[in-house]
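Heads up: the structure comes next, in structure tokens.
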Amino acid sequence: MSDSVISYRKGPFATVSMGLPGDHEGKTATRVFFVKGENKLALIDSGLYGGLPDLKKAFDELGYKKSDLDYLLITHEHMDHVGNNGWLKEETGCKILSHPGRMDRIADNMLNAKTIVHAFAEGEEFDLDPEYLDWMGPTAAGLDMIITEGDKIDLGGGVVLETIEFLGHSMAEIGFFEETTKTLVIADPLLPKINPVLYLYECPKTMRATFDKLERFLMKRNVETVIFAHEEPMGVEGTMELLSDCRRRVDQVETSILDAIKEKPGISFREIRDRACDDQGMVREWRALVSVNASLNAFEMKGVVKKQNNGWVYCGE
């Protein structure tokens, strides 16, 4: 059996997989991606701190010196994608690039943790260390440059990474397209079917717009391979199937919310979260609070539901 830490190689890409702890353990992993051009070396995401030994080994296995790394490209601010930023900055001197929308969280681990795990009173029961901070190293590192839709990172020899915005899971999430291999790299706009937690999105309308954007992009740009942070690489057919299932899961969250409010007028936010998780067999945890809050806000703006005496009631559609 091979002891390689490289799970996928094609053209300029080499993928390092890192197992996730907690509720995810044994179910899925997070992946980071080396991209080698003729002149420059980039790494897309730094992964989680528990995967640092694999990342170190990947440098050796691929024959890269730490000083070879020119760019660290961050897809979004969540803990399993930025966990080794501080170590990489210190060891390699690389430039860190990402979307400006969450640059404050990328630069500050505690801010990152509090603004999502403890975003609501119902989330304060979750300990920041095992839920979030332990996934990141003892130091963070801020951005050196910002990148947004259409910006290109030229690595030399025709290897160019085009920045594509895929907002919704995070309102500052980006992916990258490499034209010569027709490869699209994305992190969390599409989450695996075996994900043990409720689909995390910050705005249902934006999330659905990103699903539509992804579908159009696959066709328009003749994408051949999609590389995911939490899934094995897929062709277009497999990606479209996953995309359809992601749409279904977001729709189910909103169906569960409305069913819960109709069945129990005055139901609490926590109870709605529990119902949404139970309906899909997911863990009752802090990520679900983000999604449920996002859809409750959207329904409230449309006049479908309203808050009354610290609970929620249905107003009609």
Side-chain angles (χ1 to χ4, degrees), residues 8 10-13 15 30-37 40 42-46 70-78 80-82 95-103 105-106 143-155 158-192 199-244 246-247 250:
Y8 172 83
K10 179 180 179 181
F13 293 96
T15 298
T30 196
R31 296 168 176 81
V32 302
F33 316 98
F34 282 100
V35 192
K36 183 71 172 72
K40 301 286 186 180
L43 178 66
I44 300 175
D45 285 345
S46 67
D70 297 286
Y71 302 122
L72 172 58
L73 312 176
I74 301 299
T75 60
H76 65 297
E77 76 280 6
H78 293 162
D80 51 327
H81 300 271
V82 302
K95 291 182 178 180
I96 304 179
L97 289 69
S98 191
H99 194 281
R102 294 290 166 77
M103 59 190 300
R105 301 188 192 186
I106 291 173
L143 302 186
D144 297 293
M145 297 173 59
I146 61 173
I147 47 177
T148 56
E149 179 87 12
D151 287 341
K152 296 182 178 180
I153 300 95
D154 190 344
L155 303 181
V159 179
V160 178
L161 295 173
E162 179 184 351
T163 306
I164 315 295
E165 293 181 351
F166 293 120
L167 313 181
H169 172 79
S170 161
M171 295 304 285
E173 182 156 0
I174 54 177
F176 301 94
F177 181 63
E178 202 285 307
E179 179 71 35
T180 64
T181 55
K182 299 292 185 182
T183 299
L184 178 63
V185 182
I186 59 175
D188 293 3
L190 299 183
L191 294 171
Y199 214 101
L200 174 55
Y201 56 87
E202 295 188 33
C203 172
K205 181 178 180 180
T206 305
M207 192 74 259
R208 290 185 172 104
T210 281
F211 292 153
D212 293 343
K213 180 178 182 177
L214 262 167
E215 186 170 1
R216 293 192 302 270
F217 192 94
L218 292 171
M219 300 297 108
K220 183 178 180 180
R221 302 299 288 272
N222 297 313
V223 175
E224 295 181 6
T225 306
V226 182
I227 306 178
F228 302 87
H230 302 297
E231 267 283 11
E232 297 297 330
M234 294 183 190
V236 170
E237 183 176 350
T239 303
M240 289 294 290
E241 181 182 338
L242 177 59
L243 197 156
S244 177
C246 291
R247 283 194 177 109
V250 172

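Here, residue 1 is the first one in the sequence, and each next residue gets the next number. This is a predicted model, so every value here is computed, not measured.
- At least one donor-acceptor pair closer than 3.5 Å links the side chain of Asp144 to the backbone N or O of Ile96.
- Taking the six-membered ring where the residue is Trp, His76 and His81 present tilted rings, their angle falling between 30° and 60°.
- The local environment of CE in Met219 is crowded, with over 12 non-hydrogen atoms from other residues, nucleotides or ligands closer than 6.0 Å.
- In Lys182, the NZ atom is crowded: over 12 heavy atoms of neighbouring residues, nucleotides or ligands sit closer than 6.0 Å.
- Side chain of Lys213 to main chain of Glu165: a donor-acceptor pair is present (N/O by atom type, distance under 3.5 Å, no hydrogens or angles).
- In this structure, CD in Glu162 is found 11.5 Å from CD1 in Ile147, a value given to the nearest 0.5 Å.
- Taking the six-membered ring for Trp and the full ring otherwise, the centers of Phe33 and Phe176 sit at least 6.0 Å from each other.
- Heavy atoms from other residues, nucleotides or ligands lying under 6.0 Å from CD of Glu179 number more than 12.
- Rounded to the nearest 0.5 angstrom, Leu218 CG and Met240 CE are separated by 6.5 Å.
- Across Val32 and Ser46, no two heavy atoms sit closer than the pair CG1-C, 3.5 Å.
- Interatomic distance, Ile174 CD1 to Thr163 OG1, rounded to the nearest 0.5 Å: 5.5 Å.
- Between Leu214 and Pro189 there is a side-chain heavy-atom pair separated by less than 4.5 Å.
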- After noting the C-alpha distance and the side-chain angles of Phe177 and Val223, does the key distance pass the side-chain contact (heavy atoms from CB on, under 4.5 Å) rule? CA-CA 9 Å; Phe177 181 63; Val223 175; 3.8 Å; yes
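- Judged purely by atom type and a 3.5 angstrom limit, Glu178 uses its side chain to pair as donor or acceptor with the backbone of Thr180.
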- Query: Would Leu72 and Lys95 satisfy side-chain contact (heavy atoms from CB on, under 4.5 Å), going step by step from the backbone distance to the final call?
  - Reply: CA-CA 6 Å; Leu72 172 58; Lys95 291 182 178 180; over 6 Å; no
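- Among Ile186, Ile153, Thr15, Thr75, the single residue meeting the side chain to side chain contact (heavy atoms under 4.5 Å, CB included) criterion with Ile44 is Thr75.
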- From CA spacing to verdict: side-chain contact (heavy atoms from CB on, under 4.5 Å), His230, Thr30: CA-CA 5 Å; His230 302 297; Thr30 196; 3.4 Å; yes
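- Distance check: Glu202 CD to Met207 CE gives 10.0 Å after rounding to the nearest 0.5 Å.
- No donor-acceptor distance shorter than 3.5 angstrom exists from the side chain of Tyr199 to the backbone of Cys246, with no hydrogens or angles considered.
- Side chains of Lys10 and Thr225: a donor-acceptor N/O pair is present below 3.5 angstrom, by distance only.
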- Passes side-chain contact (heavy atoms from CB on, under 4.5 Å), Ile74 versus Asp45? Steps please. CA-CA 5 Å; Ile74 301 299; Asp45 285 345; 4.0 Å; yes
